[in-house]
Number of protein chains: 2
Amino acid sequence: MTEALWEPSSLPSSAAVDYDGRVTDCATCVVRNRAICASLDADELALLGKLGRRQRVKAGHTLLWEGDDAPVVANVLDGVLKLVVAAADGREQIVGIVFPSDFIGRPFGKESPYSATAMTDAEVCIFNRKSFDEFASAHPDLQHKLLRRTLDELDRARHWMMLLGRKSASEKVASFLLEMSERLSGQGCNAGTRSGFELPFGRQQIADILGLTIETTSRQLTKMRADGLLDLPSRREIVINDRAAMEDMAG
Amino acid sequence: MTEALWEPSSLPSSAAVDYDGRVTDCATCVVRNRAICASLDADELALLGKLGRRQRVKAGHTLLWEGDDAPVVANVLDGVLKLVVAAADGREQIVGIVFPSDFIGRPFGKESPYSATAMTDAEVCIFNRKSFDEFASAHPDLQHKLLRRTLDELDRARHWMMLLGRKSASEKVASFLLEMSERLSGQGCNAGTRSGFELPFGRQQIADILGLTIETTSRQLTKMRADGLLDLPSRREIVINDRAAMEDMAG
DNA sequence: CGCTGCTTTGATTCGTATCAATAGCAGTGG
DNA sequence: CCACTGCTATTGATACGAATCAAAGCAGCG
């Protein structure tokens, strides 16, 4: 059913993947110091590099399919991906957003519990899951990093459960904007205090993150603009004018 | 603000804690083979035992408070606890249910991101967080177990996000009953095929798990009984009559 | 037996989804 | 440069599901 992106032999030259080479330059990797690889010394890094492969993924393409046996895990070098759980009738819930230096996939378990799809053009450093599992088992520091990351993700997911289960539409949107403002300002070269940022995705995806419809999401944003809480210079840009009021609204 | 249950010096004899002794019998522990401790050999176990302390927690008492510096982690020996995230105005969302052999707390981080409260009388094996962190860092196998457990929890949480964000009340209740049926049948001495089980908590707590109100929850259960999907022999007992229909309904 | 707290049931309101149409923007080709 | 096309977002009217408000049942317990 799926043209597996991670299967070299199945890659047509026109596919989402532009190149597919062994990783030889972990030492100069853009996320070298932020990704889990940061736990490794030069020798270990070289070893892991042999297992990894760089790969580009075009916006909209899916790296991992929910329910499929997923023989890969990956680090994100660039771009933004979403983790999606879908129901049979097409309803979707985004259960995670993956930024550069974040880790994707399910080590130590074969079925991927969700799909991972690129929301922007992206670049990932991909590993065969079995090799990665073995490597991780032999490198406690790596495993430790992974554990910390997973614990953080779990905390984040649980807070999101509160939002999904108990917050109103306006609270959801406000909470979302504040969190995105934080997570996105870490990236890029934003001059610190600016409260403007560009979302890497559209309204429908915001709706899928918040458990709302696109219409409700749009209405809430329009209302916030009317109330002067924010500006919407373009479709994907957000400028928060009144952060205090926004925090108030987030509940 | 909180009479910390894990602070020996603050324990009045009438408190939730009945006794408070060093653990000396890990080898005969009821959850010995299921908890993360299963990764340890006899020597290591003895060492960890020195760090641990058994403690009883009465139903309704809180072991960890959201936002507090939480100097402890624990294994659950007996009983059921809930993990709760609360809003300023009192709304609550249960973000996790903790059964015997499960692990509670946030290693490698000080603020507890949620409260942990006993739903039934419970018994836990408690550790000072710092000591536990150190012990874990020195024992890769333990850390590995913990990682696997955390990954499982994350998967579970993410699936729950789908339920909270996208499912209707009837789908929520059906999904909940099916999951509880599974998780509870592992425990106790249920004769396998029986589809009846006793929930360790009341209607309000079901509502807090599903992101519903108690009234809606009650109405859904009543309707399912009327439709013959299940029986409700007593307040906390559930007998699923038509599992297929229930799975259908869970969406 | 009569509390007390939990659960069920009923009437009504309110928020969000749904359905439907319009508006705005980005890319394409005349 | 501007009309055309397709897609995404906004806006409006309405319907529906779940929350809320209110009251009555029902168990367990002194």
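All values below were derived from every heavy atom in this structure, side-chain atoms included, with hydrogens, water molecules and symmetry-related copies excluded.
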Atom NZ of B/K223 and atom P of C/dT9: how far apart are they, to the nearest Å? 13 Å

Given atom CG of A/D208 and atom P of D/dA9, what is their separation to the nearest angstrom? 11 Å

Of A/L64, A/V95, A/I94, A/T117, which meets side-chain contact (heavy atoms from CB on, under 4.5 Å) against A/L83? A/V95

Give the nucleotide from the list D/dG25, C/dT8, D/dT10 with an atom nearest to the side chain of B/R235. D/dG25

Without decimals, in angstroms, what is the distance between A/L199 CG and D/dT8 P? 16 Å

Base, sugar-phosphate, or nothing for B/S168, non-hydrogen atoms under 4.0 angstrom? sugar-phosphate

Ion pair A/D152/B/R106, N-O distance below 4.0 Å: yes

Strand contacts (DNA chain C) in residues 209-220 of chain A, 4.0 angstrom heavy-atom criterion: A/G211, A/L212, A/T213, A/E215, A/T216, A/R219

Can you check the B/F201 CZ to C/dC6 P distance for me, whole Å? 16 Å

Student check: side-chain heavy atoms of A/F103 and A/N75 closer than 4.5 Å: yes

Answer yes or no: is there a donor N or O on one side and an acceptor on the other, between the side chain of A/Q93 and the main chain of A/A86, under 3.5 Å? no

From CZ of A/R91 over to C1' of C/dA17, roughly how many Å is that when rounded to an integer? 12 Å

Atom pair distance, as rounded to whole Å: CZ in A/R225 and P in D/dA9: 14 Å

May I have the distance from A/L164 (atom CG) to C/dT16 (atom P), rounded to whole angstrom? 13 Å

Backbone N or O of A/I214 within a donor-acceptor pair of the A/R219 side chain at under 3.5 Å? no

Looking only at atom types and distance, does a side-chain atom of B/W160 sit under 3.5 Å from a main-chain N or O of B/G96, one as donor and one as acceptor? no

Quick check against the 3.5 Å criterion: does A/S115 have a side-chain atom that pairs as donor or acceptor with the backbone of A/E66? yes

Distance below 4.0 Å between A/T222 side-chain N/O and D/dT11 OP1 or OP2: yes

Taken to the nearest whole Å, CZ/A/R203 to P/D/dC7 is 19 Å

